[in-house]
Peer 1: 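Submitted below is the structure of interest, expressed as structure tokens.
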Amino acid sequence: MHTPHDPHGDPGSVDGASLTELAQLHGSDKWGTHRYTTHYERHFHPLRHLPLRVLEIGVGGHDDPEAGGASLRMWRDYFPHARVHGIDVFDKSPLDEARIRTFQGHQADEDFLDHVIAQTGPLDLVIDDGSHINRDVLASFRKLFPVLREGGFYVVEDTQTAYWPGYGGSSTELGDTTTSMGFLKTLVDGLNHEEFLLPDYTPRYTDSTVVAAHFYHNLALIQKGENTEGTLPMSRARVPTVDLSVPQARARTRERRSDDPTTNH
């Protein structure tokens, strides 16, 4: 097993370390409290050596300016050619360094996010580990997903709050699109929007720009791309021409059995 070292030195000193090892090294809760790093490794490994622009919402450390930043350093070392940015409601500027920059503001503040986007440019990876309040999660997604580059990932962590009323969630109204999970589940249907038999349907922005949705325990990864493959023409589709209702199907099954010489009667 590779043993990383020198977390504040040359990124080359941790080259080849797994994301789980880097999370443990820097004290990120993305491994231990959670089990996110193994999922991230599966999806992000092909991107590891690209010059990415990463943005994480939520730096950690509460109101201590010098506390937090464990995940920012983890991303810095995992992506040695990336520029890593962090958003937090508290000032975290003492954590800034050559490839890490922080911004102070609220994740649901559109003007603030406009300022951040103007500084970072288009993004390749966004990780929402912020307030976990459902309305904040949705506000950030609606503002930041459009500036994600094709092939990039938008990640929502700690989706358990979609079921917790204290965060604006619900354990009974599972289709409520004002919760993070309720909204994210609509993106799955959007993947297949070209199959809707609705001639007047106008695709949403996400219908044509979400190409994959991956869900894990308390974690969702949405991949951006061009979702315009087209559909199989109905003239070529294999449409059932018989009644496939349960009673009819059972009757046909009994008929087949009565005609089968290998069946004992």
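Just so it is clear, the model here is predicted, and its values are computed rather than measured.
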Peer 1: Counting neighbours of CZ on F141 that are heavy atoms of other residues, nucleotides or ligands and sit closer than 6.0 Å, is the number greater than 12?
Peer 2: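 Atom CZ in F141 is packed in, count exceeds 12.
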
Peer 1: Surrounding CD of E229 (heavy atoms of other residues, nucleotides or ligands, distance under 6.0 Å), is the total greater than 12?
Peer 2: no

Peer 1: Looking at every heavy atom in both E66 and L95, which two are closest together, and how far apart are they?
Peer 2: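 Of all heavy-atom pairs spanning E66 and L95, the closest is O-CD2, 3.6 Å.
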
Peer 1: If you look at every heavy atom in A108 and S140, which pair is closest and at what distance?
Peer 2: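 The pair with the smallest heavy-atom distance is N-OG, 4.4 Å.
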
Peer 1: Under the side-chain hydrogen bond (donor to acceptor under 3.5 Å, both in side chains) rule, what do D136 and Y167 come out as? Steps first, then yes or no, please.
Peer 2: CA-CA 10 Å; D136 294 345; Y167 287 79; over 6 Å; no

Peer 1: Determine whether L191 and I222 fall in the same hydrophobic cluster, where Ile, Leu, Val, Met, Phe, Trp and Tyr are linked whenever their side-chain heavy atoms lie under 4.5 Å apart.
Peer 2: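 L191 clusters together with I222.
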
Peer 1: State whether the side chain of R99 and the backbone N or O of A82 hold a donor-acceptor pair below 3.5 Å, judged by distance alone.
Peer 2: yes

Peer 1: Looking only at non-hydrogen atoms, find the nearest pair between I87 and G105 and report the distance.
Peer 2: CG2-O, 3.8 Å

Peer 1: Rounded at 0.5 Å granularity, tell me how far CG in L219 sits from NE2 in H39.
Peer 2: 6.5 Å

Peer 1: Report yes or no: do D176 and S170 form a side-chain donor-acceptor pair below 3.5 Å?
Peer 2: no

Peer 1: Is it possible for you to say whether V188 and V155 belong to one hydrophobic cluster, with membership spreading through side-chain heavy-atom contacts below 4.5 Å?
Peer 2: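 No, separate clusters.
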
Peer 1: Kindly say whether W31 contributes a backbone atom to a donor-acceptor pair with the side chain of T37 at under 3.5 angstrom?
Peer 2: no

Peer 1: Starting at OG of S18, measure out to CD of E41 and round the result to the nearest 0.5 Å.
Peer 2: 5.5 Å

Peer 1: Are H34 and D29 close enough that some pair of their side-chain heavy atoms sits under 4.5 Å apart?
Peer 2: yes

Peer 1: Taking K185 for its side chain and T177 for its backbone only, find out whether a donor-acceptor pair lies under 3.5 Å.
Peer 2: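 Between the backbone of T177 and the side chain of K185 there is no qualifying donor-acceptor contact (under 3.5 Å).
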
Peer 1: Going by heavy atoms in the side chains, are I127 and V54 under 4.5 Å from each other?
Peer 2: yes

Peer 1: Does the side chain of Q119 reach to within under 4.5 Å of the side chain of R101, using non-hydrogen atoms?
Peer 2: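 SC-SC contact between Q119 and R101 confirmed.
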
Peer 1: Would you give the length of the straight line joining atom CD1 of I133 to atom OG1 of T179, rounded to the nearest 0.5 angstrom?
Peer 2: 14.0 Å

Peer 1: Give a yes or no on whether V116 and V126 share a hydrophobic cluster (residues Ile, Leu, Val, Met, Phe, Trp, Tyr; joining criterion: side-chain heavy atoms under 4.5 Å apart).
Peer 2: yes

Peer 1: Distance-only check: which donor-acceptor pairs under 3.5 Å involve side-chain atoms of residues 143-153, not counting sequence neighbours?
Peer 2:
from, atom 1, to, atom 2, distance (Å)
K143, NZ, D114, OD1, 2.8
R149, NE, D124, OD1, 3.1
R149, NH2, D124, OD2, 2.9

Peer 1: Run the ring-centre check on Y78 versus F44 and record whether the distance is less than 6.0 Å.
Peer 2: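 Ring centres of F44 and Y78 not closer than 6.0 Å.
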
Peer 1: Does any donor atom in the side chain of D88 or Q104 lie under 3.5 Å from an acceptor atom in the other side chain?
Peer 2: no

Peer 1: So if you build clusters from Ile, Leu, Val, Met, Phe, Trp, Tyr with side-chain heavy-atom gaps below 4.5 Å, do L19 and F79 land together?
Peer 2: yes

Peer 1: Search all heavy atoms of N134 against all heavy atoms of A162 and return the closest pair with its distance.
Peer 2: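 Heavy atoms of N134 and A162 come nearest at OD1-CA, 3.4 Å.
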
Peer 1: Measuring from Q160:CD to S180:OG, what's the distance to the nearest 0.5 Å?
Peer 2: 9.0 Å

Peer 1: So, does S71 use its side chain to make a donor-acceptor pair with the main chain of M74 at under 3.5 Å?
Peer 2: no

Peer 1: Determine all donor-acceptor pairs shorter than 3.5 Å in which one atom belongs to a side chain in residues 209-217; sequence neighbours excluded.
Peer 2:
from, atom 1, to, atom 2, distance (Å)
T209, OG1, Y205, O, 2.7
Y216, OH, R42, NH1, 3.2
Y216, OH, H43, NE2, 2.7

Peer 1: L125 versus L55: any side-chain heavy-atom pair under 4.5 Å?
Peer 2: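 Side-chain contact under 4.5 Å: no.
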
Peer 1: I'd like to check Q107 versus D128 (side-chain heavy atoms, cut-off strictly below 4.5 Å). Are they in contact?
Peer 2: yes

Peer 1: About how many Å separate CG of N218 and OG1 of T159, when rounded to the nearest 0.5 Å?
Peer 2: 5.0 Å

Peer 1: Does the side chain of F90 come within less than 4.5 Å of V59's, by heavy atoms?
Peer 2: no

Peer 1: Might you work through the side chain to side chain contact (heavy atoms under 4.5 Å, CB included) test for F112 and I117, ending with a clear yes or no?
Peer 2: CA-CA 9 Å; F112 166 65; I117 294 165; over 6 Å; no

Peer 1: Sub-3.5 Å donor-acceptor pair from the side chain of T161 to the main-chain atoms of W164, do we have one?
Peer 2: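 Between the backbone of W164 and the side chain of T161 there is no qualifying donor-acceptor contact (under 3.5 Å).
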
Peer 1: Using a strict cut-off of less than 4.0 Å between a Lys/Arg side-chain nitrogen and an Asp/Glu carboxylate oxygen, indicate whether E97 and R76 qualify as a salt bridge.
Peer 2: yes

Peer 1: Indicate whether any N or O donor in one side chain lies under 3.5 Å from an N or O acceptor in the other, for D158 and Y36.
Peer 2: yes

Peer 1: If you compare all heavy atoms of K30 against all heavy atoms of D129, which two are closest, and at what distance to 0.1 Å?
Peer 2: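 Scanning both residues completely, I find the closest heavy atoms to be NZ-OD2, 3.5 Å.
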
Peer 1: Is there a side-chain contact between T186 and R204 in this structure, where contact means two heavy atoms from C-beta onward sitting under 4.5 Å apart?
Peer 2: yes

Peer 1: Using the six-membered ring of W75, assess whether NZ or CZ of R73 lies under 6.0 Å from its centre and within 45 degrees of the ring axis.
Peer 2: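 No cation-pi geometry.
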
Peer 1: Quick one: does N192's side chain have a donor or acceptor within less than 3.5 Å of a partner on E195's backbone?
Peer 2: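 Flag not set: sc N192 to bb E195 has no pair under 3.5 Å.
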
Peer 1: If two hydrophobic side chains count as joined below 4.5 Å and joins carry through other members, does Y40 share a cluster with I57?
Peer 2: no

Peer 1: Could you tell me whether H45 atom NE2 has more than 12 heavy atoms of other residues or ligands within 6.0 Å of it?
Peer 2: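 Open.
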
Peer 1: So does T120 get a backbone contact from the side chain of R53, meaning a donor-acceptor N/O pair under 3.5 Å?
Peer 2: yes

Peer 1: Considering only heavy atoms from C-beta outward, does the side chain of H193 approach that of N227 to under 4.5 Å?
Peer 2: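 A side-chain contact under 4.5 Å exists here.
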
Peer 1: Mind checking whether F103 and H85 have parallel, tilted or perpendicular rings, split at 30° and 60°?
Peer 2: tilted

Peer 1: I'd like to know if R142 and E110 make a salt bridge, using a cut-off of under 4.0 Å between side-chain N and carboxylate O.
Peer 2: no

Peer 1: So which heavy atom on H49 is nearest to which on P80, and how close?
Peer 2: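 For H49 and P80, the tightest heavy-atom pair comes out as ND1-CG, 3.7 Å.
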
Peer 1: Kindly compute the distance separating OG (S208) from CD (E194), expressed to the nearest 0.5 Å.
Peer 2: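 That separation rounds to 9.0 Å.
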
Peer 1: For the residue pair D96 and T102, confirm or rule out a side-chain donor-acceptor distance under 3.5 Å.
Peer 2: yes

